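None of the values given here were measured: they were computed from a predicted structure. Quick note on labels: first sequence line is chain A, next is B, and so on, each numbered from 1.
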Amino acid sequence: MKVSIRHQVSPYLVFFIIYNSQVGVGILSFQRTIAEKAGYDAWMGVLAAGCLVQVLIWVMYKLLGKANGDIIDVHTATFGKLLGKFLSLFIVIYYALASLSVMLEFIEIIQVWMFSAVPSWVISALILMLVYYCISGGFRIVVGLSFLSFIFPQILILVLYMFPLKIAQFSNLLPIMNHSFMDMLDSIKSSMYTIAGTEALLMFYPFIRNPDESRKFAHLGVLFTTLLYTISSIVSFTFYSEEQLKTTIWPELSLTKIIKFSYLERFEYLYISMYLVIVTALISLLLWCSSRGLKKIFNMKQKYALLIISLGSVLICQLANEQFDAMLDKYITQMNLYAFYVYIPLLLLYFTLFKRGNQSG
Amino acid sequence: MKLKKGGNNSGSGTNNKNKQKWDENFSSSNDFVHYHTSTTEGDPFWISYFRTLISSDILHKDVLPYLQKQLTLKELKSIIPIQEMILSRDSDEIIQNIMSGYMAIQIHPHDDNCLLVNIANSKFRDVGMPTMEASAIGPQVGFIEELDTNINLIRKRLPISELIVKEMSVGKLSKTRAAVLYVKGIADQENINTVIQRIKDIQYDHIQDSSYISSMIEDNSNSLFPQSIATERVDRVATGLSEGKIIIAADGSPNLIILPITFMEAFIAMEDYSYSWIISNFFRILRFFAVWISSFVTPMYVAIMTYHYELIPERLLEPLVGSRATVPFPPFLEALFLELMIEMVKEAGIRLPLKIGQSLGVVGGIVIGQAVVEAGLTSNVLLIFVGLGTLASYTSPLYKFSNTIRFIKFPVIFLAAWLGLIGVYLYFIFTMIHLLRLTSLGRPYISFYPIRKTSVQDLWVRLPFSMQKYNPKNLRPEKKKKFTGTKKNPEPVNDFYE
């Protein structure tokens, strides 16, 4: 199934898609989780995780380039229709759950910081209505929103790091490398999920105009987000003491409290609402992936697939409690790790061998 | 002069039946004239026309003197000193031409053959200043209601044979003459075909203005954002043509439609090209921000005063709260009341004659505004914001666009009152997705996605002319370059002019 050129996007836009797929609400809180064991050395764990993602990008491009299609095509070519579709369904469910976890986390932020009385279903329904409007315009619109979320809040948010850096204690970071290897591994592991998201490439690969040309933009995108996360963790580490960091749930959000102008205080209100742009773009991308997956697997209309997922999400958002959140987080982290860092490389290996066998036979 | 009552049994065939019909229709109008030019019954030439459509000057000077001798219609055609003449036996054509100011000359009252002579009366107002798109410097010529004059104005600015004018008639009843103009070799053929096809597909009884056409052929007619420019400036049209845009003109409308356009073009004034590029950039960017201010300043006020007053530092909060202290309404009602009041003043100002409108503006704006604040119904600060927003909305050089801007703030006020800043941003995202989805003639409407190199030269900002090398790429122009020189002035080799 070839995608018509009208619906494809230019290679350079892959930078923005990759950036957007990786940056979500995780950046607001990951500083605490990565520093749990590795302390102030954890920023190196982020860099290492970034390198792993670069490898994953390389693997995915290799795999998809060989199959010249998305993951569903790879699966059906490798395992046949039934098993292939079953495995694809697993990946598609991952996308939907990932979007759900982003949504839950963001709703929690809104309820904790801004409106404690607004019911979850209202916020999720409003966001999903926007997401539906966005996705129904096609993939180009989804990418457009990613692009926009980079231009509008992201660059501004980068500039805002200036404020905490003014009072940064860089001596916090010293001495470097005073944690054990296992602690570092732990920080890498907890960074992995925050920095995850590039898996979306498995679905949108056929929508890139010149996939080979786009490869460098994908790597650049990962480089950008890795640096973004590293800088963000360094900013937090130089701002908080280790004890403080452990008790601050959203270190990055609490940071913004110190931003003060003569006409503006308590910047976090603006910050959270600006973050809505980034979150909507991310959810649009993830739900586009999962609804397109469902469309291809079950031969249904993408409209209905999206509606089903959206209604389900609204329902779960309303019913979810803390235990559910924790469980969802745990499973998604596991799924992400095993599905993309273990399974996909193995699939590439198998696919290469399988193809070769096919050609000789 | 005798009035002819309907054709009876003379002649045969379908043409005659048709003619009978037009004769009947025509002669039931009192301004229709049908008579024999000579006193003796046997002599030739019956003429018919609508008294109200023709110029009797031309008729008496240039036509009647030649109708005394006995001639065939062909001979007559060669001697009457009028350019537009048609020999026809097609009754549809005859009817249509008589309706647009031609006279029909027949040898016998019921002949099929007619000589149609154009003696139409074309009295229109003179070419004047563009009233809605005024500019301080630059050309002061605006289009008028007559199609031919408008095309003449354009042709004077682009005296090239590549400027093509394709005429067609739109509207089942109004038979409006519409013209599609483009420059061959620059405009994209696909765009041209789309426009012509869409105009031909229009099935509507009466087209009164080019805006009817533009709203019927727009890609998304439910959008608030105009996907074409309606302009009365000749220079804007000529610039558009030379960049590869397509123009639609309609007879009876002083506004010409430019297609396809992008969102940012609503911030371009033709004056920009008359100033130094640095100054014009300043104004262009100012207009861009003014639009954001206009649509979001009141909603922000509502959101912040309702939910997030912590955002405002203490020292600034004091005057804000102080001015609101006596106001008995929540910020939402206060803002809605004031915004609607301003809209009413504006609407009344437009509907009323100019002189009354002015004094009404003073009464509405200053007297009521001041009184409302003194009575404690709204706060001073909000009055400043609303005034600012209103002012800002009029900085866009396109009137249609500033109306859009004035309208889109109302839904945000509701959302801001409900969900505070989150509501404002939800609306912002919605607008952005909407703009991303919009297309003008199938080309992306929002001008910063995807990024085009040509948008930097003359869309977001205006670079000096020597750096505006290419025609806008979103138009897919067939001719890519518009500037073929190298540098504007050869610089002296030594610096400091030694």
*Under 4.5 Å from any heavy atom of chain A - which part of Tyr307(B)*: side chain
*asked:* If I measure from the heavy atoms of chain A, does Ile312(B) come under 4.5 Å with its side chain, its backbone, both, or neither?
replied: both
*Who among Ile304(B), Ile451(B), Leu316(B) has the most heavy-atom pairs with chain A under 4.5 Å?*
Ile451(B)
*Proximal component of Phe115(A), with respect to chain B [non-hydrogen, under 4.5 Å]*: side chain
*asked:* Give me the atom names and distance for the closest heavy-atom approach of Gly137(A) to Arg437(B).
replied: N-NH1, 3.6 Å
*Part of Ile123(A) within contact of chain B (heavy atom distance under 4.5 Å)*: neither
*Checking heavy atoms, do the side chain of Leu317(B), its backbone, both or neither come under 4.5 Å from chain A?*
neither
*Side chain from CB out, backbone as N, CA, C, O: work out which of these in Ser10(A) comes under 4.5 Å of a heavy atom of chain B, or both, or neither.*
neither
_Any side-chain heavy-atom pair of Phe147(A) and Pro450(B) under 4.5 Å_ = no
*Where does Phe261(A) contact chain B at under 4.5 Å (heavy atoms): side chain, backbone, both or neither?*
backbone
*For Leu419(B), is it the side chain, the backbone, both or neither that has a heavy atom under 4.5 Å from a heavy atom of chain A?*
both
*Is the distance between the ring centroids of Phe428(B) and Phe152(A) under 6.0 Å?*
yes
*Sort out for me which of Ile151(A), Val143(A), Val118(A), Thr280(A) touches chain B most, counting heavy-atom pairs under 4.5 Å.*
Val143(A)
*Look at the side chain of Tyr449(B) and the backbone N and O of Arg140(A), then say whether any donor-acceptor pair between them is shorter than 3.5 Å.*
yes
*asked:* Can you confirm whether more than 12 heavy atoms, excluding those of Ile249(A), are under 6.0 Å from its CD1 atom?
replied: no
*How close do Leu436(B) and Ile141(A) get, heavy atom to heavy atom, and via which atoms?*
O-CD1, 3.4 Å
*Is chain B contacted by the side chain of Leu264(A), its backbone, both, or neither, given a heavy-atom distance below 4.5 Å?*
both
*Distance from His308(B) atom NE2 to Arg266(A) atom CZ, nearest 0.5 Å?*
11.0 Å
*asked:* Heavy-atom cut-off 4.5 Å, strictly under: side chain, backbone, both or neither for Val142(A) against chain B?
replied: neither
*Proximity breakdown for Ser262(A) and chain B, heavy-atom pairs closer than 4.5 Å*: backbone
_Heavy-atom contact with chain B under 4.5 Å, split by part of Leu148(A)_ = side chain
_Checking side chain to side chain contact (heavy atoms under 4.5 Å, CB included) between Ile429(B) and each of Val277(A), Leu126(A), Val131(A), which is the one that passes?_
Val277(A)
_Once rounded to the nearest 0.5 Å, what's the spacing between atom CG of Leu311(B) and atom CD of Glu268(A)?_
8.0 Å
_With chain B as the partner, which of Tyr12(A), Tyr269(A), Tyr133(A) has the greatest number of non-hydrogen pairs under 4.5 Å?_
Tyr133(A)
_To the closest 0.5 Å, what do you measure between CD1 (Ile135(A)) and CD1 (Ile433(B))?_
9.5 Å
*Distance in Å, Leu270(A) CG paired with Leu421(B) CG, rounded so as to fall on 0.5 Å steps*: 5.5 Å
*Trp121(A), CH2: over 12 other non-hydrogen atoms inside 6.0 angstrom*: no
*Using non-hydrogen atoms and a 4.5 Å limit, figure out which bit of Met129(A) sits close to chain B: side chain, backbone, both or neither.*
neither
